[in-house]
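Please read the structure below before turning to the comments.
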Amino acid sequence: MTRRFLLVGLTGGLATGKSTVSDILRGLGCVVLDADVLAREVVEPGQPALTTIAQEFGPEVLRPDGTLDRKRLGAIVFADPERRRRLEAITHPAIRDRYLARLAELEAQGFEGIVVWDAPVMIESGGYKNMDRLVVVITDAATQRERALARDGDRTDVERKIASQMPLADKAALADHVIDNSGDSAATEVRTRQAHAALLAEQRARAPKEPQ
């Protein structure tokens, strides 16, 4: 079966507004597969990945009700690149399995349109190479820190997270479309709609033609 949809990677950095762009694309009819949602699903109680995480990082990363304490685990892995890589080795295969299963479902349904894979470390993992097109959401450094602090409130934690990520300029250099979310929401929506129109035109041009 020939895939009829365009697979678009969507990524950015901490507090650049990737979720805002993702929501706009969803509203325009795109199917959005969110890596963060899948990441939460694979560490729910009863999932093999959660058991492995508790064995690797200690029972203190679990709350009393058996759910994952994401903030405590995050403090461990963002401070130690090697431990972060170990966490990714546990979770990424499970996330990838769910992602591939969803793509297979869409292909089997004959979905025609744009499928967006929304993932924060798509470039770092090399997964962007499997996308048909790549969209990167950026902001200026001051705006990124201001938004991250408003959300997190811990300056040290924010700086550690930003330092652990690939520079936004390096990500943007790999993109087919760059959406600057430094300004207001109206400007971001205009830029997102422009990128969507270009992607949709490309998808339609690539789609297999029905026999006359």
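Quick note: numbers below take in every heavy atom, side chains included, and nothing from hydrogens, waters or symmetry partners. For reference, positions follow the sequence shown, starting with 1.
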Is Glu88 paired with Arg85 through a side-chain N to carboxylate O contact shorter than 4.0 Å?
-> no

Which pair of non-hydrogen atoms, one from Arg84 and one from Ser164, has the smallest distance, and what is that distance?
-> NH1-OG, 3.0 Å

Salt bridge check: are Arg3 and Asp132 linked by an N-O gap of less than 4.0 Å?
-> yes

Should Val121 and Val178 be counted in the same cluster of Ile, Leu, Val, Met, Phe, Trp and Tyr side chains packed under 4.5 Å apart?
-> no

Just wondering, more than 12 heavy atoms not from Glu146 lying within 6.0 Å of its CD?
-> no

Is it the case that one hydrophobic cluster holds both Leu168 and Leu134, taking links as side-chain heavy atoms less than 4.5 Å apart, direct or via other members?
-> yes

Short N-O contact, Arg193 and Glu189, less than 4.0 angstrom | yes

What distance do Arg83 atom CZ and Ile76 atom CD1 have between them, rounded to the nearest 0.5 Å?
-> 6.0 Å

For Ser182 and Asp140, indicate whether the former's side chain and the latter's backbone hold a donor-acceptor pair under 3.5 Å.
-> yes

Rounding to 0.5 Å, atoms CG (Leu200) and CG (Leu25) come to a distance of 11.0 Å

Any donor-acceptor pair under 3.5 Å linking the side chain of Arg102 with the backbone of Leu33?
-> no

Report the C-alpha separation of Ile123 and Asp170 in whole Å, then their side-chain angles, then the decisive distance to 0.1 Å, and conclude whether the side-chain contact (heavy atoms from CB on, under 4.5 Å) test is met.
-> CA-CA 10 Å; Ile123 294 177; Asp170 293 349; over 6 Å; no

Does any non-hydrogen side-chain atom of Val137 lie less than 4.5 Å from one of Thr16?
-> yes

Side chain proximity check, Ile53 to Gln47, heavy atoms < 4.5 angstrom | no

In plain terms, say whether Glu124 and Lys171 are close enough for a salt bridge, that is, a side-chain N and a carboxylate O under 4.0 Å apart.
-> yes

Salt bridge between Arg4 and Glu107, side-chain N to carboxylate O under 4.0 Å?
-> no

Minimum heavy-atom separation for Gly12 to Val136, with atom names?
-> CA-CG1, 4.4 Å

Would you say Gln144's side chain and Gly13's backbone share a donor-acceptor pair under 3.5 angstrom?
-> no

Looking at Ala15 and Arg147, what are the two nearest heavy atoms and their distance?
-> O-CD, 3.7 Å

Taking atom types as modelled and ignoring hydrogens, do the side chains of Asn181 and Thr188 form a donor-acceptor contact shorter than 3.5 angstrom?
-> yes

N-O pairing of Lys161 and Asp157 below 4.0 Å = yes

Starting at CG of Asp23, measure out to OG of Ser185 and round the result to the nearest 0.5 Å.
-> 12.0 Å

Starting at NE2 of His196, measure out to CG of Leu28 and round the result to the nearest 0.5 Å.
-> 5.0 Å

Establish whether Leu6 and Phe111 are linked, either directly or via other cluster members, by ILVMFWY side-chain heavy-atom contacts under 4.5 Å.
-> no

Taking all heavy atoms of Arg63 and all of Arg70, pick out the closest pair and write down the distance.
-> NH2-N, 4.3 Å

Nearest heavy-atom contact between Met131 and Trp117 is CE-CD1, 3.8 Å

Does Asp69 use its side chain to pair, donor to acceptor, with the backbone of Leu62 at less than 3.5 Å?
-> no

Got a second to check how far Asp176's CG is from Glu202's CD, nearest 0.5 Å?
-> 7.5 Å

With the 4.5 Å side-chain cut-off for hydrophobic clustering, are Met122 and Ile95 part of the same group?
-> yes

Would you check if the side chain of Thr143 reaches a backbone N or O of Thr139 as a donor-acceptor pair within less than 3.5 Å?
-> no

Side chain of Gln194, backbone of Ile179: donor and acceptor closer than 3.5 Å?
-> no

State, yes or no, whether a side-chain contact exists between Arg191 and His177 at a heavy-atom distance under 4.5 Å.
-> no

Same cluster for Met166 and Val135 if Ile/Leu/Val/Met/Phe/Trp/Tyr side chains link at under 4.5 Å?
-> no

Leu7 CG to Arg133 CZ distance, which is reported to the nearest 0.5 Å = 11.0 Å

So do the side chains of Thr11 and Tyr128 get within less than 4.5 Å of each other, counting heavy atoms only?
-> no

Does Arg26 use its side chain to pair, donor to acceptor, with the backbone of Val31 at less than 3.5 Å?
-> no

Does the side chain of Arg86 come within less than 4.5 Å of Ile90's, by heavy atoms?
-> yes

Per the side-chain contact (heavy atoms from CB on, under 4.5 Å) rule, which among Asp34, Val116, Val32 passes with Leu10?
-> Val116

Is Asp118 paired with Lys18 through a side-chain N to carboxylate O contact shorter than 4.0 Å?
-> yes

Around Arg160, counting heavy atoms of other residues, nucleotides and ligands shown, do more than 12 lie under 6.0 Å from its CZ?
-> yes

Could you pull out all donor-acceptor pairs under 3.5 Å where a side-chain atom in residues 38-45 meets a protein atom, sequence neighbours excluded?
residue	atom	partner	partner atom	Å
Glu41	OE1	Arg98	NH1	2.9

